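No experiment lies behind these values; they were computed from the predicted model shown. For the numbers below, each heavy atom of this structure counts, side chains included, while hydrogens, waters and symmetry mates do not. Lettering follows sequence order; numbering is per chain, from 1.
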Amino acid sequence: DGGITQSPKYLFRKEGQNVTLSCEQNLNHDAMYWYRQDPGQGLRLIYYSQIVNDFQKGDIAEGYSVSREKKESFPLTVTSAQKNPTAFYLCASSILIGRWGQKNTGELFFGEGSRLTVL
Amino acid sequence: KQEVTQIPAALSVPEGENLVLNCSFTDSAIYNLQWFRQDPGKGLTSLLLIQSSQREQTSGRLNASLDKSSGRSTLYIAASQPGDSATYLCAVMDFGNEKLTFGTGTRLTIIP
């Protein structure tokens, strides 16, 4: 079945360590996104990518890094510079608006999320 | 900067009742508006998407409306069931900016 797979589902990290969250999609979508969700707050955009080998910072990119070497994959690294990394991380993908004309709705599809806890 | 608000933050209703969830946004130049459902500890599931040229969308017991001029959308759930208990989020995509701005959600509890 087509979809978005995030791993691991749960991750524990010691302070000072970098960790990488995986996101893979087989929907043939051009655009991929990373969001962070904290209790009582809406989802906040960390990074997004519209094409391979290109990505843009979102609203809260500090302390995070990404790569987009393949269309299917968009891993997120939470670095030791991120001051408050404990959160629920969500990856999403969509068809790029305008790429396929009228058929493109811009609908976003999400993975099941990864919960990161810093000990 | 687009801002999306969902009020109330939490809502409890008896099973079988019809209910309305509200979403408001500050900038009416949107490309689309999406409603999502999120169960505890899970990702988001897309429920309905309304394009800027549309007034409403329906799927089963769900109906979403859009009034761009007033910056409002509603999600109507008919004949509520305990399985409808979840957090419902709305999000808008602005024209020329392929990023979503999310509301903080309404946590819905259906009481059997």
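For L44(B), the parts lying near chain A are the backbone and the side chain together; criterion is any non-hydrogen pair under 4.5 Å. With a threshold of 4.5 angstrom between heavy atoms, Q6(B) does not approach chain A through any atom at all. Residue contact with chain B, scored on non-hydrogen atoms closer than 4.5 Å, is absent for Q6(A). For Q41(A), the part lying near chain B is the backbone, with the side chain staying farther off; criterion is any non-hydrogen pair under 4.5 Å. For a residue to count as touching a neighbouring chain, one of its non-hydrogen atoms must lie under 4.5 Å from one of that chain's; by this rule L43(A) touches chain B with backbone and side chain alike.
Other residues, nucleotides and ligands contribute at most 12 non-hydrogen atoms within 6.0 Å of the CZ atom of R107(B). Counting heavy atoms of neighbouring residues, nucleotides and ligands inside a 6.0 Å radius, atom CD1 of I111(B) exceeds 12 of them. Counted within 6.0 Å of CD on E3(B), heavy atoms from surrounding residues, nucleotides or ligands total 12 or fewer; the atom is thus considered open.
Side chains of R115(A) and Y89(A): no donor on one and acceptor on the other come within 3.5 Å. A donor-acceptor pair shorter than 3.5 Å cannot be found between the side chains of S46(B) and W35(B).
Counting heavy-atom pairs closer than 4.5 Å to chain B, the top residue among F109(A), Y33(A), Y35(A) is Y35(A).
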